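Structure, as structure tokens:
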2 protein chains.
Amino acid sequence: MVKTLNIIGGKWKPVILHMLASQTLRFGEMRRLIPPISQKMLTQQLRELESDGIINRKVYAEVPPKVEYSLSTLGKTLIPALEALYAWGDNYPDTGGDLKL
Amino acid sequence: MVKTLNIIGGKWKPVILHMLASQTLRFGEMRRLIPPISQKMLTQQLRELESDGIINRKVYAEVPPKVEYSLSTLGKTLIPALEALYAWGDNYPDTGGDLKL
DNA sequence: CGGGATCCTATGCGATACTG
DNA sequence: CAGTATCGCATAGGATCCCG
């Protein structure tokens with residue numbers, strides 16, 4: 001059961017998943033949408049989500065490189081659980097400082 | 001939004017909350033119910049949950065000491081979100097090693 | 001453009017010993 | 001019984017530089 005948290009527990013994973021829930025995105029787009037994230041962390045968290053089967057990674061053999069990320073079928077089943085989390089957070093007394101989603 | 005995860009994100013917090021969801025418990029009882037937890041971690045996570053307003057801590061002025069923990073009203077509102085998480089975990093390909101809840 | 005490799009710091013967590 | 005205090009390792013996460 002703790003495994004669900006292992007999967008979404010990274011500092012940026014919930015944010016990433018929330019973005020991918022509504023659209024397919026390229027690496028650079030995600031960086032722009034989440035300014036405070038370092039590129040290392042973005043890469044790392046994407047790789048973990050991918051190896052957990054939550055997201056798909058599609059590489060286009062082009063120059064310049066192009067990589068698109070999207071939720072996998074399994075990943076989509078996670079959305080309701082994530083939304084329950086976000087919804088609860090909205091009702092929680094704000095402590096400030098969080099990214100607004 | 002990340003704050004919801006800050007609150008339930010500790011290694012043992014989900015387990016603790018799951019136990020408290022169904023009953024009020026004393027410190028020693030919780031230790032017995034979660035054998036692998038160290039007493040330091042149990043104390044620490046309980047303190048954090050308390051300061052986040054998720055659980056209530058009731059101290060009886062007795063000898064020997066007696067302290068009971070229970071979900072606060074706010075804590076109870078968290079249950080649906082937690083259950084969504086657990087439910088998802090149950091459908092996820094098992095990686096083994098987790099506590100069974 | 002989308003990374004990989006390194007280095008470094010902060011935090012999490014566990015084990016152990018002591019206390020009102 | 002229900003903690004507090006201290007130590008030390010392991011991991012997470014940030015900054016920076018390099019590469020096809």
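A, B, ... follow the sequence lines: proteins, then strands. Residue 1 opens every chain. Predicted model only: the values in this text are computed from it and were never measured.
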Using atom NZ of A:K11 as one end and atom P of C:dT9 as the other, report the distance to the nearest whole Å.
17 Å
Classify the nucleic acid contact of B:E48 as base, sugar-phosphate or nothing, counting any heavy atom under 4.0 Å across all strands shown.
nothing
Closest-nucleotide ordering on DNA chain D, the 5'-leading residue of B:R32 and A:S38
B:R32
Does OP1 or OP2 of C:dG14 have a side-chain N or O of B:Q44 closer than 4.0 Å?
no
When the distance from CG of A:N6 to P of C:dC13 is rounded to whole Å, what number comes out?
11 Å
Within the structure, does a side-chain N or O atom of B:K40 lie under 4.0 Å from either OP1 or OP2 of D:dA2?
no
Measure the distance from CD on B:E50 to P on D:dA2 and round it to the nearest whole Å.
15 Å
Are any of the side-chain heavy atoms of A:L82 and A:H18 separated by less than 4.5 Å?
no
Just how far, in rounded Å, is C1' of C:dC13 from CD of B:Q45?
9 Å
Just wondering, do A:I79 and A:L71 contact through their side chains at under 4.5 Å, heavy atoms?
yes
Verify the contact: side-chain N or O of A:R31 to OP1 or OP2 of C:dG2, cut-off strictly under 4.0 Å; return yes or no.
no
Steps toward side-chain contact (heavy atoms from CB on, under 4.5 Å) verdict (B:K13, B:I7)
CA-CA 8 Å; B:K13 287 181 188 173; B:I7 289 174; 5.9 Å; no
In one Ile/Leu/Val/Met/Phe/Trp/Tyr side-chain cluster, 4.5 Å: B:L33, B:Y69:
yes
Can you tell me how far P of C:dC13 sits from CD1 of B:I16, to the nearest Å?
11 Å
Looking at B:R26, does any N or O in its side chain come under 4.0 Å of the phosphate oxygens OP1/OP2 on D:dA2?
yes
Under 4.0 angstrom, heavy atoms only, what part of the nucleic acid is B:P65 near: base, sugar-phosphate, or nothing?
base
Could you check whether the side chain of A:Q39 and the base of C:dG4 have a donor-acceptor pair of N or O atoms closer than 3.5 Å, going by distance alone?
yes
note: B:M41, atom CE; D:dT11, atom C1'; distance rounded to Å ~ 13 Å
Give the rounded distance in Å between these two atoms: CG of B:L25 and P of D:dC1.
15 Å
Scan B:Y60 against the nucleic acid and name what it touches under 4.0 Å (heavy atoms): base, sugar-phosphate only, or nothing.
nothing
Spell out, as yes or no, whether a donor-acceptor pair under 3.5 Å connects the side chain of B:Y86 to the backbone of B:P14.
yes
Whether B:R57 contacts D:dA2 is assessed here as follows: a side-chain N or O lying under 4.0 Å from the phosphate OP1 or OP2. Is that the case?
no
For atom CG of A:L46 and atom P of C:dG3, their distance in whole Å:
8 Å
